[in-house]
Amino acid sequence: MARELTVAIAGLGAIGLHLARALDAGVEGLRLVAVAARDQDKARANLAGFRTPPALVSLAELAQADVVVEAAPAAIFEQVAVAAIEAGRIFVPSSCGALLPRMHLVARARETGARIIVPTGALLGLDAVRAAAEGEVSSVTIETRKPPRGLVGAPYLDQHGIDVAAITTPTLIFKGNAFDAAQGFPANVNVAAALALAGIGPERTTVQIWADTTVTRNTHTIRVEAASARLTMTIENVPSEENPRTGKITPLSILACLRGLTSTLKVGS
Ligand SMILES: NC(=O)C1=CN([C@@H]2O[C@H](COP(=O)(O)OP(=O)(O)OC[C@H]3O[C@@H](n4cnc5c(N)ncnc54)[C@H](O)[C@@H]3O)[C@@H](O)[C@H]2O)C=CC1
Ligand SMILES: O=C([O-])CC(=O)C(=O)O
């Protein structure tokens with residue numbers, strides 16, 4: 001019989017709290033044992049109704065679990081990642097844009113025996129992109145359209161004097177590669193980073209970000225030209241109530257990813 005994996009989560013926001021609740025409700029082969037939060041009182045209140053409340057611990061202590069899920073702001077990514085990787089754990093980052101400038105962590109994980117598993121998150125089709133990337137791929141692009149409020153707070157907007165609240169028609173606000181997109185929009189386009197990691201890397205992956213007043217959903221369209229196939233895929237994510245930058249599917253995707261770590265039947269590569 002497959003052994004049970006213990007799980008810890010950094011951050012109890014739109015992703016972390018939903019994931020924690022789902023794990024607490026019971027998932028075969030996985031046991032939530034610890035969480036870390038910024039606001040301890042709020043976290044205690046949120047955990048009070050849990051069937052088996054996890055321990056409320058520091059970021060470093062999360063690494064006691066077999067699987068460490070990061071669901072916190074990108075600014076603390078490194079703290080969570082380093083502790084998990086040094087302890088040889090399975091590290092599952094939500095803020096995967098923060099991994100792009102820190103690929104040395106992958107080399108370090110190879111030394112410590114840790115694994116870094118980037119979930120599909122708010123995106124789709126990374127199984128097909130990975131398959132295509134086993135062969136020849138000539139181009140990978142992602143076009144992201146979000147309601148303007150889903151882009152608020154991005155450093156790129158400040159740096160370029162863009163006020164998304166004043167936008168009244170669909171406006172292309174960024175065109176460049178996935179590396180620069182992740183730097184400029186650390187809380188908005190983790191999907192572009194995941195796509196880049198699945199496919200042909202952050203320098204060759206092209207990203208367009210639109211502040212689109214005509215959409216109510218965070219909409220991502222991937223286009224891949226490969227020797228084996230041509231892929232065009234779109235996902236339209238319902239923004240979560242807690243954080244409109246984050247699609248509701250994200251914690252569900254991470255849950256599906258975690259199930260895949262222990263399930264006997266696993267579907268998709
Ligand atoms: N990979 C993907 O497809 C997606 C990734 N994301 C990313 O996932 C991350 C989390 O997203 P959300 O849950 O929507 O964010 P959120 O803002 O709703 O939640 C983050 C939580 O982390 C907590 N936090 C802040 N500092 C902390 C600290 N020092 N220790 C412990 N907790 C701390 C906050 O209090 C908050 O509860 C973000 O970086 C976001 O950009 C979001 C959507 C999709
Ligand atoms: O990629 C992200 O960071 C979030 C996103 O676009 C979504 O949830 O649709």
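In listed order, ligands and their atoms are each counted from 1. Nothing here was measured: the structure is a model prediction, and the numbers come from that model. The basis for the numbers below is simple: all heavy atoms, side chains too, and nothing from hydrogens, waters or symmetry mates.
- The distance from ligand 2 to the heavy atoms of T246 drops below 4.0 Å at these ligand atoms: 8 (O).
- Within a 6.0 Å sphere centred on CZ of R115, heavy atoms belonging to other residues, nucleotides or ligands number 12 at most.
- Around the CD atom of E134, the shell of radius 6.0 Å holds no more than 12 heavy atoms that belong to other residues, nucleotides or ligands.
- Those atoms of ligand 2 that come under 4.0 Å of a heavy atom in G247, given as number and element, are 7 (C), 8 (O).
- The contact set between ligand 2 and H220, taken as ligand atoms under 4.0 Å from a residue heavy atom, comprises 5 (C), 6 (O), 7 (C), 9 (O).
- A side-chain contact (heavy atoms from CB on, under 4.5 Å) with V80 is found for one member of I9, V68, V69 and no other, namely V68.
- Between R145 and the options T234, D212, T219, a side chain to side chain donor-acceptor pair (under 3.5 Å) holds for only D212.
- By the criterion of a heavy-atom distance under 4.0 Å, neither the backbone nor the side chain of I249 is placed next to ligand 2.
- Between L255 and L23, some side-chain heavy-atom pair lies under the 4.5 Å cut-off.
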Provide, line by line, the atom pairs where ligand 1 and the protein bring an N/O atom each to a distance under 3.5 Å; else say none.
unit_1	atom_1	unit_2	atom_2	d
ligand 1	1 (N)	S94	O	2.9
ligand 1	3 (O)	A122	N	2.8
ligand 1	6 (N)	N190	ND2	3.4
ligand 1	13 (O)	A14	N	3.2
ligand 1	13 (O)	I15	N	2.8
ligand 1	14 (O)	N243	ND2	2.9
ligand 1	14 (O)	T246	OG1	2.6
ligand 1	15 (O)	N243	ND2	3.4
ligand 1	18 (O)	A14	N	2.9
ligand 1	32 (N)	R38	N	3.3
ligand 1	35 (O)	R38	NE	3.3
ligand 1	35 (O)	R38	NH2	3.1
ligand 1	37 (O)	G13	N	3.4
ligand 1	39 (O)	A72	O	3.1
ligand 1	39 (O)	S95	OG	2.6
ligand 1	41 (O)	N190	ND2	2.9

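- Using a 4.0 Å cut-off between heavy atoms, V189 contacts ligand 2 through its backbone alone, with no side-chain atom that close.
- Protein heavy atom nearest atom 3 (O) of ligand 2, with residue, atom name and distance: N190 ND2, 2.9 Å.
- Contact check for I222 versus L195: side-chain heavy atoms found under the 4.5 Å cut-off.
- In this structure, the side-chain hydrogen bond (donor to acceptor under 3.5 Å, both in side chains) partners of E225, at least two apart in sequence or on a different chain, are R230.
- Counting heavy atoms from C-beta on, the side chains of K248 and N237 never come closer than 4.5 Å.
- Of the polar atoms of N237, at least one N or O is found under 3.5 Å from an N or O of ligand 2, judged by distance alone.
- Here the protein heavy atom with the shortest distance to atom 5 (C) of ligand 2 is K146 NZ, 3.2 Å.
- The residues E28 and R259 are annotated as not salt-bridged, no charged nitrogen and carboxylate oxygen being separated by less than 4.0 angstrom.
- Just one of V191, N218, L124, T221 meets the side-chain contact (heavy atoms from CB on, under 4.5 Å) condition when paired with I235; it is L124.
- N188 O, 3.3 Å is the protein heavy atom nearest to atom 2 (C) of ligand 2.
- Looking only at protein heavy atoms, the nearest one to atom 7 (C) of ligand 2 is A122 CB, 3.3 Å.
- Ion pairing between R44 and D41 holds under the 4.0 Å rule for side-chain N and carboxylate O.
- At the top of the distance list for atom 4 (C) of ligand 2, counting protein heavy atoms only, stands R245 O, 3.4 Å.
- Proximity annotation for atom 1 (O) of ligand 2: of V191, I142, I209, V191 comes nearest, heavy atoms only.
- Contact annotation: the side chain of D180 approaches that of F174 to within less than 4.5 Å [non-hydrogen atoms, C-beta and beyond].
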